[in-house]
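Worksheet: one structure, shown below.
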Amino acid sequence: MIVIDKQEISNIPFLQIVKEGQKDKALPLVFFIHGFTSAKEHNLHYAYLLAEEGMRVILPEVAYHGERAEQLTQEEFAAKFWEIVINEIQELEMLKNHFEQEHLIENGRIGMAGTSLGGIVTLGALTQYDWIKVAVSLMGTPAYLEFFDMQLSSIREKQIKLPITEEQIEQQREKLKPFDLTLQPEKLKQRPLLFWHGKKDQSVPFAPTYRFYELHHDHEKPELLQFIADKHADHKVSREGLLRTVMWFASHL
């Protein structure tokens with residue numbers, strides 16, 4: 001039987017999904033981060049299949065989402081996108097430290113994945129934490145600055161007024177540099193990383209992510225960096241993407 005356990009640490013609500021008899025054992029641990037405007041419960045199907053493979057899966061609630069939602073206008077919410085990304089990367093360490101202190105991580109085997117915003121968080125976290133051993137990005141992008149500029153250009157074209165100043169926009173852009181994997185690809189350190197991305201994605205662009213893969217995959221070690229490009233998909237992960245994610249962690253973690 002698979003158990004869903006709702007917990008909270010440092011005001012961060014999360015779900016823990018694990019086989020009933022393994023709850024108190026040290027296991028490989030996978031953090032799975034949900035997308036923008038989504039919530040932790042929306043990725044239970046990933047967590048169930050990963051738990052079936054003997055992993056402990058943690059689904060955190062991202063700031064301003066789900067249980068942590070606040071009364072924000074659409075413009076205010078959109079303006080917080082990158083603040084949310086960086087905050088989630090920082091909160092990950094608190095969650096990891098908790099499970100480490102409880103001796104619930106088997107031999108430091110920690111993986112990370114996420115959809116959309118969660119994929120972006122995953123790729124940024126790889127620049128910060130060596131303790132992430134395996135990762136999957138579903139519809140994410142490692143190109144923080146390029147994506148930020150594309151978002152800003154789209155907002156200006158639509159003549160949407162953001163509730164922040166030009167100076168604040170530039171400060172926000174500057175804060176993203178340390179998390180942009182395209183600026184420091186050496187930080188990947190040959191850790192196994194799988195990308196899944198739909199070619200028709202209109203929310204998170206396909207091209208910058210695929211360009212990163214083309215530049216940095218190693219023909220001698222193709223098993224370490226792989227890319228699944230779905231020519232029919234837009235901003236929704238296919239069942240193949242779900243199953244390949246599970247297989248990736250089962251193989252590498």
**OP:** Using a strict 4.0 Å threshold on nitrogen-to-oxygen distance, state whether Lys6 and Glu67 make a salt bridge.
**Re:** yes
Charged N to carboxylate O below 4.0 Å: is that the case for Glu61 and Lys40?
yes
Given the options Leu29, Val30, Leu50, Ile110, Leu253 meets side-chain contact (heavy atoms from CB on, under 4.5 Å) only with Val30
Surrounding NZ of Lys236 (heavy atoms of other residues, nucleotides or ligands, distance under 6.0 Å), is the total greater than 12?
no
Are Phe36 and Phe81 an aromatic pair by the rule of ring centers under 6.0 Å?
yes
_Donor-acceptor under 3.5 Å (His235 side chain, Gln202 main chain)_ = no
Item to complete: Could you tell me whether Glu91 and Lys96 have a side-chain N and a carboxylate O separated by less than 4.0 Å?
Response: no
Next item on the list: Check whether more than 12 heavy atoms from other residues, nucleotides or ligands sit under 6.0 Å from atom NZ of Lys175, and answer yes or no.
Entry: no
Keeping the roles fixed (side chain from Thr141, backbone from Ile120), state whether a donor-acceptor pair exists under 3.5 Å. no
Are more than 12 heavy atoms, taken from residues, nucleotides or ligands other than Gln74, located less than 6.0 Å from that residue's CD atom? no
Quiz prompt | NZ/NE/NH1/NH2 to OD/OE distance under 4.0 Å, Lys187 and Asp130 | solution = no
What one should report as the nearest heavy-atom pair of Leu145 and Arg173 is CD2-O, 3.4 Å
